[in-house]
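Here's the structure we're looking at; comments come further down.
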Amino acid sequence: MSIDISEITPYNFKEVEEKWRSFWLNNHSFKTKNDSSKPKCYVLEMFMYPSGKVHIGHIRNYTIGDIISRYKMAQGFDVLHPVGWDAFGLPAENAALQHKSHPKNWTYQNIKIMKKQIQSMGFSYDWDREIATCNENYYGLQQKIFLKMYEKGLIYRKEAEVNWDPVDNCVLANEQVIDGRGWRSGALVEKKMLPQWFFKITKYAEELLSNLNALNEWSDNVKTMQKNWIGKSEGCSINFHCSNGDNLEIFSTRPETLFGATYLAISPEHPLVKKISKTNEKIQKFLESLKIGSVSKQILDTQEKIGIDTGLTAKHPFLDKQLPIYIANFVLMDYGTGAIFACPAHDKRDYDFAIKYKLPIQEIITPQTASNQLPYEGDGWIINSDFLNGLTIQEARNKIIKIVEEKRLGTKKIFFKLRDWGISRQRYWGCPIPIVYCPKCGIVPLKEENLPVILPKDITFENVGNPLVKHLKWKQVSCPICGEDANRETDTLDTFFDSSWYFLYFCSERNDLKNILNKQDINRWMPVDHYIGGIEHAILHLLYARFFTKALADCNIIDLREPFKNLFTQGMVCCATYRKQNGEWLFPNEVQQNKEGNYETISTKEKVIVGHLEKMSKSKKNVVDPDFIVETYGADALRLFVVSDTPPEKDFPWSDEGLEGCWKFINRIWRMFIYLKSKGINASNIKMDIDISSLNIDLQKVYKNFHKTIKDVTESYENKMMNKAVAFLRETVNNIYSVLEQAESNICLFSIVTRDFIKLLAPITPHICQEAWQLLGFDKLIHENDWPKFDKKYLTSDIINLPIQVNGKLRGNLEISPDYTEEQIFEMALNLSNVKNYIGMKTIRKKIHVKGKIVNFVI
RNA sequence: GCCCGUGUGGCGGAAUGGUAGACGCUGCAGACUUAAAAUCUGCUGACCAAUCGGUCGUGGGGGUUCAAGUCCCUCCACGGGCACCA
């Protein structure tokens with residue numbers, strides 16, 4: 001009975017996807033096995049903020065993770081693939097205010113909606129381990145961790161600056177300050193000092209930096225970003241004697257330029273400035289001028305260097321020379337010692353400042369090449385520098401540090417840009433800090449039996465500020481030490497705190513985590529083998545999580561120091577933008593192309609400007625709704641599309657045609673499966689491996705190519721090059737189609753190829769593959785089956801195509817057996833008419849033969 | 001300014017130093033159809049050539065090599081991060 005492939009009923013993706021989605025969920029098909037007889041693989045995508053709707057960028061992120069997870073499952077790994085919600089944070093409070101709802105309700109409502117969207121994609125999550133950080137179990141445990149770290153001295157309290165709204169009388173988050181004004185009151189925001197909690201991340205600066213080298217599965221750009229952020233500089237401090245009798249300590253990474261110093265510069269916030277400004281009106285005026293917001297901002301933007309002479313001088317440590325001391329706006333108090341010596345001949349900033357204030361310039365480095373342009377910042381030899389003369393820069397640096405230390409003028413020093421992490425937030429919707437303030441005992445950490453400190457639900461956002469401050473019933477407690485009346489800390493923790501250890505929580509079953517993290521589980525699963533997320537977290541989240549891991553190790557809670565073995569940062573999903581000439585954004589369906597090929601609005605025929613591809617965003621009206629896509633084309637088509645064509649680390653250009661193409665491909669393989677089934681292709685017809693010599697040449701070729709496909713696709717998954725895996729799989733489908741009419745007479749061969757093809761494709765489009773798997777009578781679930789293996793013997797061929805070049809240019813091809821001798825190959829190659837024509841009467845100077853690769857004649 | 005990326009057809013992109021453009025999108029043609037859609041099959045870097053074939057071609061210039069998209073030097077453009085960090 002013949003079946004026409006074009007007559008096959010279209011693939012009913014809705015029915016099939018719904019069937020398997022429910023099956024997987026109801027049967028907990030992806031529940032973590034925790035089978036220690038197998039090697040483990042922890043696949044994690046950065047968890048989601050429950051903002052309200054899933055974005056197509058999430059879909060791409062999670063599809064990449066899911067492909068890895070399913071691929072590893074099929075490879076026989078024991079996979080942990082959890083999912084959760086980064087559920088605390090400011091937007092919930094904003095929404096509460098706007099919609100008169102409660103942050104908790106808003107958050108859980110959003111989680112409910114987004115969970116449904118995520119589940120519609122058929123991701124292989126272990127939903128039994130799902131967690132939201134606003135869950136009491138989670139943040140209760142977090143409070144215990146806080147206390148351990150406090151005990152260990154890793155958390156401390158000090159005064160720090162906050163954004164203060166003087167009208168609403170409350171602290172504002174940075175995102176609530178718009179153009180220097182409070183978002184609600186519109187009042188000019190002030191800086192105010194408040195006591196706050198800090199994390200001693202700087203204690204780990206050196207380790208955070210040096211460990212980066214060992215993270216060889218992280219991309220260089222992320223490592224560089226972290227490196228710059230940590231900002232280590234090595235140098236030397238030098239003490240100067242000030243004319244007022246004070247000692248002034250400066251820091252320099254280039255102490256070898258000391259003999260070129262012509263002035264010193266100190267930060268406007270330097271203690272010395274405070275001291276001398278009391279009696280100096282000019283300096284007071286100068287400092288006032290720096291404080292005026294708009295002016296100082298302008299100076300910052302233009303990088304204009306301004307300063308003022310203090311009238312003080314300092315003695316050069318090696319020369320009989322007094323150097324003037326300036327206050328300069330480009331010297332930062334929170335870096336180094338807040339004071340520098342300036343060498344204008346060899347530093348751009350020092351030079352600009354010296355020119356402006358007519359300060360002397362002393363050259364001390366002679367360039368290696370003829371160039372006398374100042375400032376000179378390149379390599380060279382030291383001159384005019386007494387005992388350093390004639391040395392290279394590096395030699396001079398070593399020597400002067402040695403001498404400075406010998407003469408006790410200063411010491412070798414290392415500074416970091418990294419600052420301690422402020423973790424207090426004057427907010428309701430966060431993890432309460434488990435501390436009380438007792439008038440008698442002072443700062444009192446709570447005891448374990450007092451935990452968890454639960455956020456009170458009965459609060460109101462009608463008043464400004466943090467509602468916890470006004471919730472007296474919650475706030476007032478008795479001191480755990482003396483029993484007197486005390487107050488709770490009303491600040492909550494930064495949400496980055498919540499996300500710094502969630503990957504550890506996932507290692508255990510939820511119900512096992514009442515007490516503290518389970519070391520055994522963590523040792524089983526950590527480090528995360530594949531961590532996938534956006535590049536926007538390259539610095540903060542990833543640095544905090546690395547720090548947290550080290551801190552927990554030092555508290556003896558866990559045994560590892562680096563949490564993420566392989567980090568993968570995927571690109572953004574972008575889409576074309578359209579706007580009217582007045583700048584108003586337009587939806588794609590408001591735009592059409594006219595006869596001349598120009599774009600115009602459909603309604604008013606106004607001219608439309610087609611913009612660049614930009615990250616999808618609501619404001620630019622270039623978003624695509626994942627729900628609509630799943631409805632219209634199915635989850636498999638969407639999954640396939642977001643990893644097709646573009647390498648996952650690059651920005652992905654959304655196009656409706658591309659999506660349509662993926663949908664067609666899904667239908668194409670469906671027709672193939674149905675056609676093959678009708679020809680008797682199924683599990684029971686797989687007898688054994690086939691003797692390919694009995695096949696005709698076309699089938700031999702298809703079979704051999706298929707082994708190559710297994711190799712290529714496997715390597716592509718291994719290297720997260722899903723776009724290549726898709727390309728190879730498409731090629732395979734084309735190959736199978738070309739011999740489809742021979743299926744009936746080669747049932748065993750086609751059964752084997754179809755079986756393995758389904759396995760190879762399943763990580764990307766699991767629903768259709770699972771359905772075909774069942775339809776063709778294979779047992780178990782597709783992800784539980786062994787990954788196909790290729791046979792090396794099929795990768796080599798009896799006949800190869802050998803390109804023949806003359807002077808490196810292709811002039812012909814030989815279709816030959818690779819067993820010929822070099823001499824025979826040269827002879828055959830020279831007999832090719834085209835090659836003959838090229839060489840003509842010329843002498844061959846050299847013959848090159850790379851076995852199986854190429855022949856090249858040099859004439 | 002400093003650091004890190006990236007430049008390949010109309011487009012997204014392939015290519016252990018060894019046939020540049022796999023695979024897909026778009027476009028063109030053929031088959032099927034009363035017709036259209038869908039589907040199946042071809043072709044699709046530019047220029048020249050009826051054909052065989054040839055010339056050019058991976059941001060620009062130079063170099064190494066029998067052979068360069070790939071390695072080295074240099075310049076240009078774009079994207080990202082940090083930004084007065086002594």
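Quick note: numbers below take in every heavy atom, side chains included, and nothing from hydrogens, waters or symmetry partners. Here is how names work: the chains are called A, B, and so on, in the same order as the sequence lines, proteins then strands, and each is numbered from 1.
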A:V850 side chain: which of B:G18, B:G53, B:A86 is closest?
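Output: B:G18.
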
Can you tell me which nucleotide in B:A86, B:U19, B:G18 comes closest to the side chain of A:F251?
B:A86

Using the [atom1] atom as the reference point in each nucleotide, state the distance between [N] and [M] in Å, no decimals.
{"N": "B:G59", "M": "B:C43", "atom1": "P", "value": "27 Å"}
{"N": "B:U41", "M": "B:G5", "atom1": "C1'", "value": "42 Å"}
{"N": "B:U6", "M": "B:G21", "atom1": "P", "value": "23 Å"}
{"N": "B:C40", "M": "B:G57", "atom1": "C1'", "value": "34 Å"}
{"N": "B:U58", "M": "B:G9", "atom1": "C1'", "value": "10 Å"}
{"N": "B:G45", "M": "B:C11", "atom1": "C1'", "value": "13 Å"}

Hey, can you pull the residues of residues 537-545 of chain A with a non-hydrogen atom under 4.0 angstrom from RNA chain B?
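Output list: empty, so none.
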
Give the ring-plane orientation class for A:Y357 versus A:Y326, where under 30° counts as parallel, over 60° as perpendicular and anything between as tilted.
tilted

Watson-Crick or G-U wobble mate for [N], both contacts under 3.5 Å:
{"N": "B:G24", "value": "B:C11"}
{"N": "B:A77", "value": "B:U6"}
{"N": "B:A86", "value": "none"}
{"N": "B:G30", "value": "B:C40"}
{"N": "B:C56", "value": "B:G45"}

[N], OP1 or OP2 - any side-chain N/O from [X] closer than 4.0 Å?
{"X": "A:T337", "N": "B:A86", "answer": "no"}
{"X": "A:K650", "N": "B:G12", "answer": "no"}
{"X": "A:R349", "N": "B:C85", "answer": "yes"}
{"X": "A:R668", "N": "B:U41", "answer": "yes"}
{"X": "A:N228", "N": "B:C85", "answer": "no"}

Under 3.5 Å, which N/O atoms of the protein pair with N/O atoms of nucleotides 21-26 of chain B?
unit_1: B:A22; atom_1: O2'; unit_2: A:E731; atom_2: OE2; d: 3.3
unit_1: B:G24; atom_1: OP1; unit_2: A:N734; atom_2: ND2; d: 3.1

Need the glycosidic conformation of B:G9: syn if within 90° of 0, anti if not. Which one?
syn

What are the two closest heavy atoms between A:L258 and A:P317, and how far apart are they?
CD2-CG, 4.0 Å

Is any side-chain N or O of A:K417 under 3.5 Å from a base N or O of B:C85, one able to act as donor and the other as acceptor?
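There is none.
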
